[in-house]
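FYI, side chains are in, hydrogens and waters are out, and symmetry mates aren't considered; it's all heavy atoms of this structure.
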Amino acid sequence: MKLLRVGPEGAERPAILAEDGTLLDLSGVTRDIDPAFLATGLDDLRAAYEAGELPRIQNTKRVGAPVARPGKIVCIGLNYRDHAAETGAEIPAEPIIFMKAVNTVVGPDDDVLIPRGSGKTDYEVELAVVLKGRARYLDSPEEARALIAGYAIANDVSEREYQLERGGTWDKGKSCETFNPLGPHLVTADEVPDPQNLGLRLWVNGELRQDGNTKDMIFGIYHLIWYLSQFMVLDPGDVINTGTPAGVAMARPGTPYLRTGDVVELEIDGLGRQRQRLA
């Protein structure tokens with residue numbers, strides 16, 4: 001299933017994208033696509049969808065983030081071999097973890113706001129994993145498989161000066177408002193047979209900047225969930241941004257950082273496409 005939320009900011013309603021391309025209203029099944037629904041409601045939703053009980057939605061001018069109010073956004077740094085190489089970093093022995101503020105999440109086509117005084121706002125196409133179960137001290141990576149609700153596209157927007165030149169941890173360069181466009185869909189895990197073989201691409205003003213594949217991750221998705229569960233409890237609705245491939249502006253001498261009016265487009269195989277304007 002491809003789940004999404006449509007409508008004005010703050011008043012989105014849940015929907016599903018049917019196989020024929022029509023949108024169906026989920027309001028009769030759930031108030032929202034939130035952590036509580038992801039933990040308990042996916043089976044009921046599937047039954048209602050397969051029974052043809054869901055009405056159509058007519059007017060959808062805006063698509064919001066497919067998950068409402070995630071509990072936390074956990075991110076993995078330097079998780080693609082080519083990205084580690086382009087930054088001159090050694091391959092990490094263990095996953096590098098940082099966090100993004102949950103209010104960075106916006107819709108897939110909403111404007112991205114350049115922070116005041118920023119000169120180094122950068123882009124990162126990433127596979128986002130959304131959980132439906134609690135991960136706490138998992139015994140093995142294989143246990144993680146059953147805890148995944150689905151997958152989405154994330155743009156892990158980053159301000160590199162704040163991240164790397166202003167002291168402290170990476171978080172301050174990652175948590176500016178609008179810095180985590182998510183969606184358009186949450187594609188349920190059963191529709192992604194091999195999440196470790198997905199092409200992911202990003203363009204700036206029509207120029208292809210990133211062109212990678214999740215098979216090049218250093219640490220795979222199930223390993224990441226297992227690893228994180230040794231340090232924190234992951235809950236339903238939590239989002240994990242799993243890293244970005246090579247091609248970010250920071251690592252390409254002469255490549256301009258993002259400026260007002262730029263257009264960034266992202267896609268991942270089977271997960272849809274995003275388009276943001278920089279404002």
Lys72 and Asp238 ion-paired at < 4.0 Å: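 Answer for the salt bridge query: yes.
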
field: Short N-O contact, Asp269 and Arg201, less than 4.0 angstrom
entry: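 Salt bridge: yes.
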
Answer yes or no: is there a side-chain heavy-atom contact under 4.5 Å between [X] and [Y]?
| X | Y | answer |
| --- | --- | --- |
| Phe37 | Leu42 | yes |
| Glu19 | Tyr49 | yes |
| Tyr151 | Ile221 | yes |
| Ile268 | Thr214 | no |
| Asp110 | Pro181 | no |
| Cys75 | Trp170 | no |
| Leu38 | Leu131 | no |
| Ile225 | Ile148 | yes |

Atom [atom1] of residue position [X] - does it have more than 12 heavy atoms of other residues, nucleotides or ligands inside 6.0 Å?
| X | atom1 | answer |
| --- | --- | --- |
| Lys172 | NZ | yes |
| Gln230 | CD | yes |
| Glu177 | CD | no |
| Glu9 | CD | no |
| Arg259 | CZ | yes |
| Arg252 | CZ | yes |
| Glu165 | CD | yes |

message: Holding to side-chain contact (heavy atoms from CB on, under 4.5 Å), I want the full list of residues that pass it with Asn205, two or more places apart in sequence or in another chain.
response: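 Asn205 satisfies side-chain contact (heavy atoms from CB on, under 4.5 Å) with Asp262, Val263 once adjacent residues are dropped.
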
With distance as the sole test, does [X] use its side chain to make a donor-acceptor pair with the main-chain N or O of [Y] at under 3.5 Å?
| X | Y | result |
| --- | --- | --- |
| Arg209 | Gly247 | no |
| Asp111 | Ala279 | no |
| Asp109 | Arg275 | yes |
| Asn79 | Phe219 | yes |
| Asp122 | Ala249 | yes |
| Ser229 | Leu138 | yes |
| Arg62 | Gly7 | yes |

Report the distance from atom [atom1] of [X] to atom [atom2] of [Y], rounding to the nearest 0.5 Å.
| X | Y | atom1 | atom2 | value |
| --- | --- | --- | --- | --- |
| Glu265 | Arg273 | CD | CZ | 4.5 Å |
| Asp235 | Leu147 | CG | CG | 11.0 Å |
| Glu191 | His185 | CD | NE2 | 10.5 Å |
| Tyr257 | Leu278 | OH | CG | 14.0 Å |
| Arg69 | Ile33 | CZ | CD1 | 11.0 Å |
| Tyr123 | Leu258 | OH | CG | 7.0 Å |

Treat each ILVMFWY residue as a node, draw an edge where side-chain heavy atoms are under 4.5 Å apart, and state whether [X] and [Y] are in one component.
| X | Y | answer |
| --- | --- | --- |
| Leu24 | Val6 | no |
| Val125 | Leu271 | yes |
| Val105 | Leu113 | no |
| Leu182 | Val192 | no |
| Leu200 | Val239 | no |

query: Stepwise, does the side chain to side chain contact (heavy atoms under 4.5 Å, CB included) test hold for Thr178 with Val157?
result: CA-CA 8 Å; Thr178 73; Val157 186; over 6 Å; no

task: Determine the sole option in Arg160, Glu159, Arg166, Glu161 for which the side chain to side chain contact (heavy atoms under 4.5 Å, CB included) test with Gln163 is passed.
output: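 Of Arg160, Glu159, Arg166, Glu161, side chain to side chain contact (heavy atoms under 4.5 Å, CB included) with Gln163 is met by Arg160 alone.
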
- prompt: Checking side chain to side chain contact (heavy atoms under 4.5 Å, CB included) against Leu202, which of Glu207, Glu126, Gln210 comes through?
  reply: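 Only one option passes, and that is Gln210.
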
Set of salt bridge (Lys or Arg N to Asp or Glu O under 4.0 Å) partners for [X], sequence neighbours left out:
| X | result |
| --- | --- |
| Asp156 | Lys100, Lys174 |
| Asp82 | none |
| Glu94 | none |

task: Any chance you could lay out the side chain to side chain contact (heavy atoms under 4.5 Å, CB included) test for Asn241 and Glu124, step after step, and finish with the verdict?
output: CA-CA 10 Å; Asn241 289 347; Glu124 296 188 14; over 6 Å; no

message: Below 30° counts as parallel, above 60° as perpendicular, anything between as tilted: where do the rings of Tyr227 and Phe231 land?
response: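 Ring orientation of Tyr227 relative to Phe231: tilted.
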
field: Contact list for residues 43-55, test salt bridge (charged side-chain N to carboxylate O under 4.0 Å, His left out), sequence neighbours left out
entry: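 Listed by first then second residue: Arg46-Asp190.
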
query: Can you name the residues that form a side chain to side chain donor-acceptor pair (under 3.5 Å) with Tyr222, not counting sequence neighbours?
result: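 Applying side chain to side chain donor-acceptor pair (under 3.5 Å) to Tyr222 gives Arg145.
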
task: Could you give me the CA-CA distance, side-chain angles and deciding distance for Arg81 and Ile218, then say whether side chain to side chain contact (heavy atoms under 4.5 Å, CB included) is met?
output: CA-CA 6 Å; Arg81 292 172 180 83; Ile218 297 167; 3.7 Å; yes

Work out which heavy atom in [X] is nearest to a heavy atom in [Y]; give both atom names and the distance.
| X | Y | value |
| --- | --- | --- |
| Pro70 | Val67 | CD-O, 4.0 Å |
| Asn213 | Gly199 | ND2-N, 3.6 Å |
| Leu186 | Gly150 | CD1-C, 3.5 Å |
| Ala101 | Ile73 | O-CD1, 3.8 Å |
| Asp25 | Pro14 | OD1-O, 3.5 Å |
| Pro95 | Ile76 | CB-CG2, 4.4 Å |

query: What's the verdict on side chain to side chain contact (heavy atoms under 4.5 Å, CB included) for Trp203 and Leu266, showing C-alpha distance, side-chain angles and the deciding distance?
result: CA-CA 6 Å; Trp203 296 260; Leu266 308 82; over 6 Å; no

query: Regarding Gln274 and Asn155, is there a side-chain donor-to-acceptor distance under 3.5 Å anywhere?
result: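 No, no side-chain donor-acceptor contact under 3.5 Å.
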
